[in-house]
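Step one of this worksheet: look at the structure below.
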2 protein chains.
Amino acid sequence: MPKFRIDRIDRKILDALQRDGRMANNDLAAEVGLSPSPCLRRVKALEDAGVIRTYVALVDPAAVNLPVNVFVNVTLERQVEDRLDAFEAAVMERPEVLECYLMTGEADYLLRVVVPDLPTYERFLKEYLTRIPGIASIRSSFALKQVRYDTALPLHHCET
Amino acid sequence: MPKFRIDRIDRKILDALQRDGRMANNDLAAEVGLSPSPCLRRVKALEDAGVIRTYVALVDPAAVNLPVNVFVNVTLERQVEDRLDAFEAAVMERPEVLECYLMTGEADYLLRVVVPDLPTYERFLKEYLTRIPGIASIRSSFALKQVRYDTALPLHHCET
DNA sequence: ACTGAAATGGCGCGACC
DNA sequence: GGTCGCGCCATTTCAGT
């Protein structure tokens, strides 16, 4: 819905800020071939339009003892929309659920859950997930290794 | 491996920066109950220790015409380690692959791929993925909706 | 040794051309 | 889109506990 005209310079700006969100505006301006002021104007416009949602620090999961990634396939009972909304609301409450997608096919969801260890996941599963009403089935898959985790969207298709 | 002692104040700092990676050090200091100087020292220490990996801007996928999330289950032929390394190296080359996990069970991977539309995904699949040697099977699942996408790790278990 | 305070230099950010 | 200028913030140095 936010139809925002993105030209080549905006694309460069987004590429740079997706790599380093704290880059100084002066450096950013130099990198995209602008002087600081119009560069900052563009950044603000991108923020205001919602193209740039936020700036965040990315923390190393291993360094804070969160090595376990679990992917959870949740199938809901075939029912109407309020069930979906209720489930989604429940999912938003828990910070361990970093990602949640409504998938095609049946009414099912894919979650990525991050926890310090398996007992913690078990507790999350038994004491929270299974208690959400309307759930037909839950299947958990565990990741041995996070091979790649990138937040930078590929923008090479945005051309003006 | 980076065994870093994280106390309650560090945890507050990480929580804050995971929410707003551009927060001014003065504000951050106030929020965690420190004066600016020691607060900044702690932030630098967290960066140097690799607890804070990077700072990034998060871009709205819809705003840049990247509405399609595909989850790809890739099973490799039962073979040895160099196949895995080769596959992982291939995965690192493509910016469309935002996440990749080595899963338990068989030698298979779960990828999250972001593309502007289905034809683009089809091209990615046919012209790239299927050409990686050692692949036994590929199964693609499409997301109808990104219900949640969070990058902030839950740190409530970190207590000192 | 680690924390809090003061001083300086650079940068973000607005007004105007 | 570029130039100018003000004010604030990041950063270093110093003192305190």
Side-chain angles (χ1 to χ4, degrees), chain A residues 2-60 63-65 151-153 155-156 158-160, chain B residues 1-60 63-65 151-153 155 158-160:
Chain A
K3 274 288 173 253
F4 192 87
R5 300 287 294 175
I6 289 175
D7 63 12
R8 222 180 82 267
I9 294 183
D10 288 328
R11 198 174 81 63
K12 281 189 188 178
I13 290 175
L14 293 175
D15 274 331
L17 289 179
Q18 282 193 128
R19 276 186 280 104
D20 179 4
R22 273 198 159 181
M23 178 175 298
N25 184 56
N26 287 343
D27 299 342
L28 179 61
E31 191 165 319
V32 304
L34 246 56
S35 66
S37 192
C39 179
L40 185 60
R41 254 200 302 272
R42 279 170 179 265
V43 172
K44 293 300 173 194
L46 289 167
E47 292 170 357
D48 292 344
V51 179
I52 297 177
R53 285 197 304 135
T54 54
Y55 300 88
V56 298
L58 296 183
V59 171
D60 179 12
V64 292
N65 278 302
T151 58
L153 301 175
L155 301 176
H156 38 262
C158 292
E159 312 212 337
T160 302
Chain B
M1 71 191 61
K3 272 287 171 262
F4 191 86
R5 299 286 295 176
I6 290 174
D7 63 11
R8 221 179 83 265
I9 294 181
D10 288 327
R11 196 174 83 63
K12 281 189 187 176
I13 290 175
L14 292 175
D15 274 332
L17 289 178
Q18 282 192 129
R19 274 185 280 106
D20 179 3
R22 273 199 160 180
M23 178 175 298
N25 184 56
N26 287 344
D27 298 342
L28 179 61
E31 191 165 321
V32 304
L34 246 55
S35 67
S37 183
C39 179
L40 186 59
R41 248 199 307 275
R42 279 168 179 266
V43 172
K44 293 299 174 195
L46 289 166
E47 291 170 358
D48 292 343
V51 179
I52 297 177
R53 286 197 302 136
T54 54
Y55 300 88
V56 299
L58 296 183
V59 171
D60 179 12
V64 292
N65 278 302
T151 58
L153 301 175
L155 301 177
C158 291
E159 312 212 334
T160 302

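In what follows, every chain begins at residue 1, and chains take the letters A, B, ... in the order their sequences are listed.
Taking a 4.0 Å limit (strictly below) on heavy-atom distances, residues 24-36 of chain A reaches DNA chain C at A:Ala24, A:Asn25, A:Asn26.
Two residues are said to be in side-chain contact when any heavy atoms from C-beta on lie closer than 4.5 Å; B:Ile6 and B:Leu14 meet this criterion. Contact annotation: the side chain of A:Val51 approaches that of B:Val59 to within less than 4.5 Å [non-hydrogen atoms, C-beta and beyond]. A:Val56 places a side-chain heavy atom less than 4.5 Å from the side chain of B:Val56.
Atom CZ of A:Arg22 is separated from atom P of C:dC11 by 15 Å (rounded to the nearest Å). One interatomic measurement links the two molecules: CE of A:Met23 to C1' of D:dA10, which rounds to 18 Å at whole-angstrom precision. Straight-line distance from the CZ atom of A:Arg41 to the P atom of D:dC4: 15 Å, rounded to whole Å. Atoms CG (B:Leu40) and P (C:dT8) sit 19 Å apart, rounded to a whole Å.
The phosphate of D:dT11 (OP1 or OP2) has a side-chain N or O of B:Lys44 nearer than 4.0 angstrom.
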* To do: Determine, stepwise, if the pair A:Asp20 / A:Arg22 fulfils side chain to side chain contact (heavy atoms under 4.5 Å, CB included).
  => CA-CA 5 Å; A:Asp20 179 4; A:Arg22 273 198 159 181; 3.8 Å; yes

* Can you check side chain to side chain contact (heavy atoms under 4.5 Å, CB included) on A:Leu28 and A:Arg42, steps first, answer last? -> CA-CA 11 Å; A:Leu28 179 61; A:Arg42 279 170 179 265; over 6 Å; no

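Using a 4.0 Å cut-off between charged nitrogen and carboxylate oxygen, A:Arg11 and A:Asp15 count as a salt-bridge pair.
In this structure, A:Asp60 contributes its side chain and B:Arg53 its backbone to no donor-acceptor pair below 3.5 Å.
Axis orientation changes by 30° from one end of the helix from C:dA1-D:dT17 to C:dC17-D:dG1 to the other, with each end axis drawn from 5 pairs and the value rounded to 10°.
Separation of atoms SG (A:Cys39) and NZ (A:Lys12) is listed at 11.0 Å; rounding is to 0.5 Å.
Within 3.5 Å, a donor on the side chain of A:Ser37 pairs with an acceptor on the base of D:dT3, or the reverse.
If you check every strand for non-hydrogen atoms under 4.0 Å, A:Arg42 touches sugar and phosphate atoms only.
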